[in-house]
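Notes follow once the structure below has been shown.
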Protein chains: 2
Amino acid sequence: MPEIANNIPTASASVLLVDDDVELVTLLRDYLASDGFNVTVAHEGESALRLFAAQAPDIAVVDVMMPGFSGIEVLRRIRSRGSTPVLMLTARGDDESRILGLELGADDYVAKPCTPRELSARLRAILRRTLVRSTTPDSVCIGDLALYSAQRRIAWAGQDVQLTNAEFNLLELLIQNAGQVVSKNLLSEQGLGRPFQRYDRSIDVHLSSIRHKLPLLPDGRPRIQAVLRKGYQLLTD
Amino acid sequence: MPEIANNIPTASASVLLVDDDVELVTLLRDYLASDGFNVTVAHEGESALRLFAAQAPDIAVVDVMMPGFSGIEVLRRIRSRGSTPVLMLTARGDDESRILGLELGADDYVAKPCTPRELSARLRAILRRTLVRSTTPDSVCIGDLALYSAQRRIAWAGQDVQLTNAEFNLLELLIQNAGQVVSKNLLSEQGLGRPFQRYDRSIDVHLSSIRHKLPLLPDGRPRIQAVLRKGYQLLTD
DNA sequence: CCCCGAGTTTACAGGGATTTACAACACCCG
DNA sequence: CGGGTGTTGTAAATCCCTGTAAACTCGGGG
């Protein structure tokens, strides 16, 4: 057994993955996701920058060669609005781009084709040195409801609410977005770890049980509300 | 080290260059020297480490393949005595060494043959970002749990916890990501040194033993929690 | 050659998670 | 209004993941 146990922090860091090769992206996304990363993908520069602005990922992975405006351009623009680390993907042997990228402030590059495993290792290497523990609060309170993520615990008026694993995941998401509608899609992906499919009723079933474990609102309605065709919402008082 | 600004050569940073290929070393040394680096060279591991100890360079460049003890070994020993950044030189396509090296904490990789210009650019890129790198702490504490990575030791309230090798690796990962979910994938790769496969139960078994070696949380739950389909999480109190 | 310890694999139990089924709704039309 | 269609609530059945003890494997001593 090799004792490879150097410190690798950051499970669940978010990654924005930009490449026009759909197949490759899918492969990488799946692997990174299974490795604990939170992955968003884009296939060209335009949407990449929009997603970047919207999601503020912890790190971006950008292909140098893309239709529309190039990876170098994406890099430049990301750089112009902050210090989010960027890893560039280059064609093997394309020394010019690599050097240019590095000089423009890319934090690393990986030659394609690369193994998902290598990409993951490098992302962690970069995050290890750049990520200053992002500000995840110890607790979030919504009225009398308190969420302690690091303890995997949720309490109502100081009393622990007894939740199963999936129930906790889902309620956590609702609390983190309290008052807003959370799509089934998101609930499924973040909470159950798989894409949502049309006839999948798991979420409804779980939310039904959670509903029974939370006290009703003053007006007698349950605290968790289905929003037809849109998702679910945690009501605040 | 002086200068922090982007793209500006780090004047007079010192580099230790280790490679058995005398010709290549000469070429690189001259180029790096003309680029403002202060270069020392060694042709095998033994003298490399001696020079490293004597000169405390700002950065080391080490060939993976060398007679005597290998570059990986040199990397390991440099790592064991501090956090000086290390850039590894590998044969093109030697993915295994690259990944192994990254996991052991190499800061970067360059495939041989490389242009002196590229090497120089990468050295500067590393130096630029390591200027602000936080040094790895001697110990990490999560409540009463203390991790001493360099000593391969974990203690609970001052008492050593008796752990086997694999158990230590896994618990170390959980502590370094305390409060976050760590995927089985990561645990397997970093902790056991092999990719995770679907029906592999080793991790579950190891974590089960660890669980029994740690005291319970105040609320009676075990400190290590499975998160369905995602991985495991060390709960904080 | 046997024993020992660590790691892995196997086996099985129990409890969640998911699926199924059906009733109750909401919404969209004419 | 009143089907028709699609969605949600929930109990019940089924499935599958994790916890854990125990068997197995493999190297190193003695």
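Protein chains get the first letters and strands the later ones, always in sequence-line order, with residue 1 at the start of each.
- Each of A:D200 and B:S202 lies near DNA chain C, and the nucleotide nearest B:S202 is the one positioned closer to the 5' end.
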Exercise for the section: Using the salt bridge (charged side-chain N to carboxylate O under 4.0 Å, His left out) rule, take A:R117 and B:E189 through it: C-alpha gap first, then chi angles, then the decisive distance, then the call. Expected result: CA-CA 9 Å; A:R117 189 168 161 227; B:E189 286 191 5; 3.6 Å; yes
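- Closest to the side chain of A:R201, from the set C:dT18, C:dG7, D:dT8, is D:dT8.
- Straight-line distance from the CG atom of A:L192 to the C1' atom of C:dA17: 9 Å, rounded to whole Å.
- B:D160 meets the salt bridge (charged side-chain N to carboxylate O under 4.0 Å, His left out) test with B:R153; sequence neighbours excluded.
- A heavy atom lying under 4.0 Å from DNA chain C marks none of the residues of residues 167-183 of chain A.
- Distance A:I203 CD1 to D:dG9 P: 12 Å, rounded to the nearest Å.
- Residue A:K230 contributes atom NZ, which lies 13 Å from atom P of D:dT7 at whole-angstrom precision.
- Residues from residues 218-226 of chain A with heavy atoms under 4.0 angstrom of DNA chain C: there are none.
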Dump the pairs, protein N or O against N or O of nucleotides 11-17 of chain D, anything under 3.5 Å, distances to one decimal.
none

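- The phosphate of C:dG5 (OP1 or OP2) has no side-chain N or O of B:T164 nearer than 4.0 angstrom.
- Separating the NE2 atom of B:H206 from the P atom of C:dG5 is a distance of 17 Å, rounded to the nearest angstrom.
- One can place CD1 of B:I210 at 14 Å from P of C:dA6, the figure rounded to the nearest angstrom.
- Taking atom CZ of residue B:F196 and atom P of nucleotide C:dG7, one finds them 18 Å apart after rounding to whole Å.
- If you take CG of A:D204 and C1' of C:dT20, they are 13 Å apart, rounded to a whole angstrom.
- With 3.5 Å as the limit, one finds a donor-acceptor pair spanning the side chains of A:S149 and A:E172.
- Evaluation of the side chain to side chain contact (heavy atoms under 4.5 Å, CB included) rule for B:Q159 yields no partner, not counting sequence neighbours.
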Exercise for the section: Evaluate the criterion side chain to side chain contact (heavy atoms under 4.5 Å, CB included) for residue pair B:V227 and A:N165; output intermediate values, then yes/no. Expected result: CA-CA 6 Å; B:V227 180; A:N165 226 305; 3.8 Å; yes
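- The stretch residues 225-237 of chain B participates, sequence neighbours left out, in these salt bridge (Lys or Arg N to Asp or Glu O under 4.0 Å) pairs: B:R223-B:D237.
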Handout entry: Worked verdict on A:K184 versus A:D200 for salt bridge (charged side-chain N to carboxylate O under 4.0 Å, His left out)
Key = CA-CA 10 Å; A:K184 285 195 175 184; A:D200 187 340; over 6 Å; no
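- The bend of the helix from C:dC1-D:dG30 to C:dG30-D:dC1, defined by the angle between the axes of its first five and last five pairs, stands at 30° to the nearest 10°.
- Counting any heavy atom pair closer than 4.0 Å across all strands shown, A:L207 reaches no nucleic acid atom.
- Legend: residues meeting side chain to side chain contact (heavy atoms under 4.5 Å, CB included) with A:S139, ordered by chain and number and at least two apart, are A:Y148.
- A donor-acceptor pair shorter than 3.5 Å cannot be found between the side chains of B:R201 and B:S208.
- The neighbour count for B:Q151 CD, taken as heavy atoms of other residues, nucleotides or ligands under 6.0 Å away, is above 12.
- Legend: side-chain hydrogen bond (donor to acceptor under 3.5 Å, both in side chains) pairs involving residues 211-222 of chain A, not counting sequence neighbours, sorted by first then second residue: A:E167-A:K213, A:D219-A:R221.
- Residues satisfying the side chain to side chain contact (heavy atoms under 4.5 Å, CB included) criterion with A:A150, sequence neighbours excluded, are B:T236.
- Partners of A:V205 according to the side chain to side chain contact (heavy atoms under 4.5 Å, CB included) rule, which considers only residues two or more places apart in sequence or in another chain, do not exist here.
- Scored by the salt bridge (charged side-chain N to carboxylate O under 4.0 Å, His left out) test, A:R152 finds no partners at all (sequence neighbours excluded).
- Distance A:L163 CG to C:dG16 P: 12 Å, rounded to the nearest Å.
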